[in-house]
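The structure appears right after this line, and notes come after that.
Residue numbers start from 1 in every chain, and the chains themselves are labelled A, B, ... in the order their sequence lines are given, proteins ahead of strands.
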There are 2 protein chains.
Amino acid sequence: MAERDADRSVSQTVRAQLALRDQILSGALRPGERISELQAVETAGVSRTPVRMALVRLEEEGLLEAIPSGGFMVKAFSERDILDSIELRGTLEGLAARFAAERGVSARDLEPLKECLNEIDGLVRQSPISVDAFSAYVALNARFHALLTELSRSPPLIRQIDRASALPFASPSGFVMAQSALPEAQQILLIAQDHHRIVVDAIENREGSRAEAIMREHARLAVRNLRLALRNRTHLDLLPALALIRTPEV
Amino acid sequence: MAERDADRSVSQTVRAQLALRDQILSGALRPGERISELQAVETAGVSRTPVRMALVRLEEEGLLEAIPSGGFMVKAFSERDILDSIELRGTLEGLAARFAAERGVSARDLEPLKECLNEIDGLVRQSPISVDAFSAYVALNARFHALLTELSRSPPLIRQIDRASALPFASPSGFVMAQSALPEAQQILLIAQDHHRIVVDAIENREGSRAEAIMREHARLAVRNLRLALRNRTHLDLLPALALIRTPEV
DNA sequence: CTCCCCAATAATGTATACAGTAGGTATCCA
DNA sequence: TGGATACCTACTGTATACATTATTGGGGAG
């Protein structure tokens, strides 16, 4: 009720979309559960029209699924869906790295990436890494991936990568957090940093195939790590958006 | 006015979406042009609410672009966007082929693909190929790609490939039509058929890397061919034709 | 003559009212 | 007592009315 007149700068549709996404990701709405428009109207504090717009957008985003008889439900994902989504994004980012390398990148455009890596360097060498440093790392890592994607200068590819990252567990931050549940987390961060450095080097030297190969390997390693994390159920609570994983039938 | 009560089985939203997509693809609405909701309401014969829903869906589909000040415009694509979109889809289909090979496919699941190839065989060997045979080929080729995608059994990947194929020029039918404008069209069809046969073989023998590599090469070849076609100034004839072609939804 | 500002108009974003349908519950009959 | 049917409720899909914002055109000032 305090939020009713908060942030008048954003449209009602966006506000509804954010509110609903929050509810889904926080687990307030369980997978398979039907979304109640009326309830959404109350929580978002807007009328049905923008709520319905938000529902359509969230469906296209992949968080919701249309029910044939009408309405929407929260989409449920299998563990394999999650692993596939990560490999998918890795493949696309590999293509982005190739494009960047083949098309040439000016030293000035490469500067932010290198700066990003340097900032990360100081963080990953701490052992054990502090909570603040870790969240700083997560943000910087996401920034690195975004910058790399941009370097492809291919709007269709960038768009597709954004879509592939929409699912929380498929986003860069998502799987960094997932891997952090593993005992070898510290070493994983160092390896990731190496990968990133190689990619930047390959792009700088215009070696498209090498840039792509290392990004794909990077993703495949992440998939292997996450598969391990998923198998170790005790660490599952550290996974982002665990609410979206389909629970076994009761 | 005859369409007002036609097809009561589909929702008004879907009807509006189809009508608008038709208008865009047929060129009745030019790229960059702002969409008039009022006009859309008239042509679709429905009220503003389903029209706006359709607009949001078409934006997510990639055919429209939101205008910051409000409303939507028809999205404009550069030639490079078109080429990138094709390579993008090829990359995704390569991953699909890899998944299919690595995860194993039963002989029964592979049957429809082989049948598809056999049906195509008879068509591509005709020289010159008749108009009817060509459109039959286009349909069968699209079917082959759809079946191959399905074989990955990865819902996230399938979804992403569908999205990548939403743009008419990036769809299998789209670039077959584009390449058909080249003088070596006949030979291109034969090469494509070879590629497809190799992919099926690789999947059957569970050679993931080979299956992926050949699909990517297939796409890169198509990109090269289309770049030639665009450079030869045949694109003035090509683009309108491309706009008319879309892969069947199913 | 040109540039800027204000006002009128049109179109978007939002809210609400209406209609049709699916699902649930209660009652009645076997 | 169990099952089927009919009614009722609640929710979705659609239409329309309202408000707010952008755009355009004209008029006035420099």
Side-chain angles (χ1 to χ4, degrees), chain A residues 1-21 23-24 28-61 63-75, chain B residues 1-21 23-24 28-61 63-75:
Chain A
M1 25 211 80
E3 286 82 1
R4 280 203 70 93
D5 40 5
D7 230 343
R8 221 166 255 270
S9 60
V10 298
S11 72
Q12 313 279 63
T13 300
V14 171
R15 204 191 311 177
Q17 195 173 348
L18 292 175
L20 280 167
R21 186 157 38 200
Q23 290 231 332
I24 296 167
L29 299 167
R30 307 298 294 268
E33 190 175 342
R34 190 195 200 101
I35 298 264
S36 160
E37 264 184 29
L38 197 65
Q39 192 177 333
V41 162
E42 283 177 11
T43 59
V46 298
S47 80
R48 277 187 63 211
T49 307
V51 162
R52 299 191 101 259
M53 297 291 234
L55 290 175
V56 170
R57 290 204 129 95
L58 288 169
E59 182 204 356
E60 304 285 345
E61 199 171 306
L63 256 50
L64 297 181
E65 201 176 343
I67 301 173
S69 65
F72 298 92
M73 53 178 267
V74 180
K75 202 163 176 176
Chain B
M1 31 201 76
E3 285 84 1
R4 282 202 70 91
D5 40 7
D7 231 343
R8 225 166 251 272
S9 60
V10 299
S11 71
Q12 313 280 62
T13 300
V14 171
R15 204 189 313 179
Q17 194 172 347
L18 293 174
L20 280 167
R21 185 154 43 195
Q23 290 231 332
I24 297 167
L29 298 168
R30 308 294 292 271
E33 190 174 341
R34 190 197 199 98
I35 297 262
S36 161
E37 264 185 28
L38 198 66
Q39 192 176 331
V41 162
E42 283 177 11
T43 59
V46 298
S47 82
R48 276 185 65 210
T49 307
V51 162
R52 298 191 104 259
M53 296 293 226
L55 289 175
V56 171
R57 292 205 127 97
L58 288 169
E59 183 205 356
E60 305 283 347
E61 198 170 307
L63 257 47
L64 297 182
E65 201 175 345
I67 300 173
S69 65
F72 299 91
M73 53 179 264
V74 179
K75 201 163 179 177

Just to verify, what does A/Q23 make a side-chain hydrogen bond (donor to acceptor under 3.5 Å, both in side chains) with, not counting sequence neighbours?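 Checked A/Q23 against side-chain hydrogen bond (donor to acceptor under 3.5 Å, both in side chains); zero matches.
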For A/Q12, check side-chain hydrogen bond (donor to acceptor under 3.5 Å, both in side chains) against everything at least two apart and list the hits.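 Checked A/Q12 against side-chain hydrogen bond (donor to acceptor under 3.5 Å, both in side chains); matches are A/R15.
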Each nucleotide N or O in nucleotides 10-13 of chain D that has a protein N or O under 3.5 Å away: list the pair and distance.
residue : atom : partner : partner atom : Å
D/dT12  : OP1  : A/I35   : O            : 3.3
D/dG13  : OP1  : A/G71   : N            : 3.4
D/dG13  : OP2  : A/R52   : NH2          : 2.1
D/dG13  : O5'  : A/R52   : NH2          : 3.4
D/dG13  : N7   : A/R48   : NH2          : 2.9
D/dG13  : O6   : A/R48   : NH1          : 2.9

Listed pairs under 3.5 Å, donor-acceptor, residues 28-36 of chain B side chains, sequence neighbours left out:
residue : atom : partner : partner atom : Å
B/E33   : OE1  : B/R30   : N            : 2.9
B/R34   : NH2  : B/G70   : O            : 2.8
B/S36   : OG   : B/Q39   : N            : 3.1

Salt bridge (charged side-chain N to carboxylate O under 4.0 Å, His left out) with A/E60: which residues, sequence neighbours excluded?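 Partners of A/E60 by the salt bridge (charged side-chain N to carboxylate O under 4.0 Å, His left out) criterion, ordered by chain and then number, come out as B/R57, B/R163.
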Contact under 4.0 Å: B/S47 side-chain N or O vs D/dA15 OP1/OP2: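 Checking D/dA15 against B/S47, a side-chain N or O does come within under 4.0 Å of OP1 or OP2.
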Check residues 46-56 of chain A and write down every donor-acceptor pair under 3.5 Å in which the side-chain atom is one partner and the other belongs to a residue at least two apart or another chain.
residue : atom : partner : partner atom : Å
A/R48   : NE   : A/E37   : OE1          : 2.7
A/R48   : NH2  : A/E37   : OE1          : 3.1
A/R52   : NE   : A/E37   : OE2          : 2.9

